[in-house]
Amino acid sequence: EAQLVESGGGLVQAGGSLRLSCTASGFTFDDSAIGWARQAPGKVREGVSCISSGDGSTYYTDSVRGRFTISRDTAKNTVYLQMNSLKPEDTAVYYCAADGRSMSWSARSTIHEYDYWGQGTQVTVSS
């Protein structure tokens, strides 16, 4: 059974940093693109960042580009999201997702088409 477990969320002041982790099991991590999405209260879930397997190419939504960095550690079956210069508008539940059918983050029109999802981790940024 495919499983994604997020960790690293918490409460941080504006301008601070957090690193989220997503550990995968039950599917072939090396063959899967991995991404992060977030959902703020009263808002739709939005894609934040994705990373391909193989070439490691990445995607960032405009609002986080230059502040967030996604990376993956194949040996640990883990993807990280380093979040710097956090803003109150980054407050949301952050979800990890995996595309079990492709190595490339761009194979799907949207992260919402990814196959596997974690339970989410709360990130709260205070002003």
Under a 3.5 Å distance rule, please check whether [X] uses its side chain to pair with a backbone N or O of [Y] as donor and acceptor.
X	Y	result
Asn77	Ser25	no
Ser52	Trp105	yes
Thr28	Asp30	no
Thr121	Gly9	yes

Nearest heavy-atom neighbours spanning [X] and [Y]:
X	Y	value
Asp99	Arg108	OD2-NE, 2.8 Å
Leu86	Arg67	CA-NH1, 3.8 Å
Leu4	Cys22	CD2-SG, 3.8 Å
Ala92	Gln122	O-NE2, 3.4 Å

When rounded to the nearest 0.5 angstrom, what distance separates [atom1] in [X] from [atom2] in [Y]?
X	Y	atom1	atom2	value
Phe68	Thr61	CZ	OG1	10.0 Å
Ile111	Ile34	CD1	CD1	9.5 Å
Met103	Asp31	CE	CG	6.0 Å
Lys87	Ser63	NZ	OG	8.0 Å

Please confirm whether [X] makes a cation-pi placement over [Y], using NZ or CZ under 6.0 Å from the six-membered ring centre and within 45° of the ring normal.
X	Y	value
Arg65	Tyr60	no
Arg101	Tyr114	no
Arg45	Tyr95	yes

Legend entry - Evaluation steps, side chain to side chain contact (heavy atoms under 4.5 Å, CB included), between Val79 and Ile70: CA-CA 7 Å; Val79 170; Ile70 191 170; 3.8 Å; yes

Following the transitive rule for hydrophobic clusters with a side-chain heavy-atom cut-off under 4.5 Å over Ile, Leu, Val, Met, Phe, Trp and Tyr, establish whether [X] and [Y] coincide in one cluster.
X	Y	answer
Tyr59	Leu81	no
Leu20	Ile51	yes
Val64	Val125	yes

Inset, instruction - Take atom CD of Gln119 as the centre, draw a 6.0 Å sphere, and report whether it contains more than 12 heavy atoms from other residues, nucleotides or ligands. - result: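 For Gln119, atom CD is not crowded (no more than 12 foreign heavy atoms under 6.0 Å).
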
If you measure only the distance, is there a donor-acceptor pair under 3.5 Å linking the side chains of [X] and [Y]?
X	Y	result
Ser57	Asp55	yes
Thr23	Thr78	yes
Ser17	Asn84	yes
Tyr94	Arg38	yes
Ser106	Ser104	yes

Inset, instruction - Please tell me if the side chains of Glu6 and Ser21 come closer than 4.5 Å, counting only heavy atoms from C-beta onward. - result: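 Counting from C-beta outward, Glu6 and Ser21 never come under 4.5 Å.
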
Legend entry - Trp36/Cys96 under side chain to side chain contact (heavy atoms under 4.5 Å, CB included): CA gap, chis, key distance, verdict: CA-CA 5 Å; Trp36 290 92; Cys96 177; 4.1 Å; yes

Legend entry - Phe27 and Tyr116: CA distance, side-chain angles, deciding distance, ring-ring contact (aromatic ring centres under 6.0 Å, His included) verdict: CA-CA 10 Å; Phe27 64 98; Tyr116 313 122; 5.0 Å; yes

Legend entry - Test side chain to side chain contact (heavy atoms under 4.5 Å, CB included) applied to Gln82 and Ser71, step by step: CA-CA 8 Å; Gln82 178 67 43; Ser71 61; over 6 Å; no

